[in-house]
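No hydrogens, no waters, no symmetry mates; every other heavy atom, side chains included, goes into these values. Lettering follows sequence order; numbering is per chain, from 1. Keep in mind it's a predicted model, so treat the numbers as computed, not measured.
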Amino acid sequence: MSMYVIRRIFSMLITLFIISTIIFLMFRLMPGDPTASMVDPSIPPEAREQIIERLGLNDSYFVQYTKFMQNLVQFDFGDSFYYKTSALSVLRDKLGATVILMIAAMVLAYGIGVFGGAWMAWRRGSVGESIAITIALIFRSAPTFWVGIMAIYIFSVLLGWLPHSGMRSSGYEAENLFQTFFSLDFLKHLILPTVVAAIYFLATPLLMMRNTMLEVLGEDFIEMARAKGLTERRVLFNHAARNALLPVVTAGALFIGSAIGGQVLIEYVFSWPGLGREMVLAAQRHDYPLAQASFIIMAALIMIMNLVADLLYAYLDPRISYK
Amino acid sequence: MEEVIDKKSNTFKRAKNKGTLRLFLDNLVRDKLALTGAILIMLFLIVAIFGDVIAPYDVEEMHRDSSGEIKKVEKPSSDHWFGTTNYGRDVYSQVIAGTRTAMIVGGLAAILVTLAGTTIGIVSGYFGGWIDSLLMRIVDIFYAIPFIPFVIVLVALMKPSLWNVILAVSLLSWRTVARLVRSQVLSVSQRPFIKAARVSGASNGRIMFKYILPNVVPIALLEMAFMVNYAITAEASIAFLGFGDPDATSWGQIIHYAFINGYSREAWWWIAPPGIAIVLLLVSVFFVARSLEEVVNPRLRKR
């Protein structure tokens, strides 16, 4: 087991290394002046020359590359042009906001998806099931940013129920970290982006749960349970759903990974101060070190989630052996 | 000997292909949702091709009322079905112009991705060994790259243009197709007619593209349908964030202008139509793809 984990972590580090290399090349080999992406073009030429010299941007690509990797290992992503501080310190505060929004959305989507999917498998072929599938596909087709804007329009502007953007009301000062994330004000701000993100996520657990349930319901032990005279509800939830849950749960961990990328748009629409929004703003401001740093952090997050998915699967299903 | 086998597997192949198409069409007629989807896709195609004729106005034209004032953010009327923008432009005409952009991006990216993914999948699955390991390692690495952020970085570094969006989308999405096609190739390669072809001395290229390819076409087509949706969503998202081609009117761009100018909280007629267009087109593709899926994967057929 521990050998397997070590090997997986090792291969993860290699992947991360290759992705960082791709990022390095992308930022240097793009058409135009590569120093424009490294040193703020708005500062005067002499000072700029000095910084280019100090950062070693006149060196050969090989020297630059080793330096880039050295810094990366020390978690040094360079300084943001816009904030004038290190990119890491800018992003550190944003990571928590992103993770909280994502977990809230995943819990909601999986809660509805698992029960809804089990119900759909049970009512297979009914009108209700076709309607549920159609709704799921519409949710999946609707671009998240558009759903977000429409939700803001309906629930904040027309009905005035919920705040339209941000993570807390202006002027609200949290006394401590606990209050930042567990106050009523924060929860109100959390509802709308969570629901919109969950709407987008929903199709995956819903359809997956339905399909695995259909498979499980055809198994012998279900017939056995029915023959014993158990109630339909008991057969469905205690016998079938538990066994169908396994692939859905592991797919969930895998899905969190890809969801990080999609969340960029939700954060942008709701002005949610997270990693994704910061990345869009950095790219819009041509703040390349910050964009580069947030990209690498997101890639690392995805890989960690993939690792978690693999380990979770091995843990939950004893039939899987570690190789 | 080779001639005989060739002829045999060819007729076999043709019969099978025809069967797939027939099954698909039969399914389409039976499945009312898929039929509606197919008709809607046709309509979108017609709008994309004849957009210039259908659109009542030029997208750039700034409309003025009788007193010469610009019709700024006006509600829908008989003159402007979907109202006007803050520069007095006709939203209806813009949505029609956006159809073409969506179709071009969706179509081209899907074709590129499917071609690349299928080729890599076939090569990887057919040769196996270190080629397979190497290609699949590359696929793994591409799976670890966050999609939308990658496209943002790439498009922000390059000049914003429609081609760069297509390129960025294609660069990442081939991974899914490659993996699926590969697993299909692995099972096809075990079939007797492949072994027969190899024994009779057919070259690798011939086996891969004459005998294996026809068997992975259905699954590749299915993936292509999903890729159309993927690409259209990606283009809309990129354009919405403001990294799209400024010269190409697209559905995402329409929403982008409404959003950054602060009208997304009042002008529902400006925001809603492009979004509804995206939903309609994508749901249509999903329904048609589902019908195709039932043909590709017989286990899904209604019992």
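Here the straight-line distance linking atom CD1 of Ile271(B) with atom CE of Met150(A) works out to 7.5 Å at 0.5 Å rounding. One finds the CH2 atom of Trp146(A) at 13.0 Å from the CD1 atom of Ile254(B) (value rounded to the nearest 0.5 Å). One finds the CD1 atom of Ile18(A) at 10.0 Å from the CZ atom of Phe142(B) (value rounded to the nearest 0.5 Å).
Heavy-atom pairs under 4.5 Å with chain A peak, among Ala258(B), Ala236(B), Ala272(B), at Ala272(B). Ranked by heavy-atom pairs shorter than 4.5 Å toward chain A, the options Thr233(B), Val285(B), Ile145(B) are led by Ile145(B). Heavy-atom pairs under 4.5 Å with chain B were tallied for Ile14(A), Leu265(A), Val264(A); the largest tally goes to Leu265(A). Among Leu137(A), Thr15(A), Val147(A), Thr144(A), the residue making the largest number of heavy-atom pairs under 4.5 Å with chain B is Leu137(A). The greatest number of non-hydrogen atom pairs below 4.5 Å with chain A, out of Ala144(B), Gly252(B), Gly242(B), Pro274(B), is found for Ala144(B). Between chain A and the residues Leu281(B), Asp140(B), Leu241(B), the largest count of heavy-atom pairs under 4.5 Å involves Leu241(B). Chain A forms more heavy-atom pairs under 4.5 Å with one residue of Phe147(B), Phe240(B), Trp268(B), Phe286(B) than with any other, namely Phe240(B).
For Ile152(A), the part lying under 4.5 angstrom from a heavy atom of chain B is the side chain only. For Ile255(B), the part lying near chain A is the side chain, with the backbone staying farther off; criterion is any non-hydrogen pair under 4.5 Å. When heavy atoms are compared at a cutoff of 4.5 Å, Ile276(B) approaches chain A by way of both its backbone and its side chain. Neither the backbone nor the side chain of Ile238(B) comes within contact range of chain A; no heavy atom of the residue lies under 4.5 Å from a heavy atom of that chain.
Sparse packing is recorded around CE of Met42(B), with 12 or fewer heavy atoms of other residues, nucleotides or ligands lying under 6.0 Å away.
Phe145(A) has its ring centre no less than 6.0 Å from the ring centre of Phe259(B).
Contact detail for Ile152(B) and Ala283(A): the closest heavy-atom pair is CG2-CB, 3.8 Å. Considering every non-hydrogen atom in both Pro146(B) and Met298(A), the closest pair reads CG-CB, 4.0 Å. Contact detail for Val280(A) and Phe243(B): the closest heavy-atom pair is O-CZ, 3.9 Å.
Inter-residue side-chain proximity for Val153(B) and Gln292(A) is flagged as unmet; no heavy-atom pair is nearer than 4.5 Å. Residues Arg290(B) and Ile133(A) form a side-chain contact, since some pair of their non-hydrogen atoms from C-beta on lies under 4.5 Å apart.
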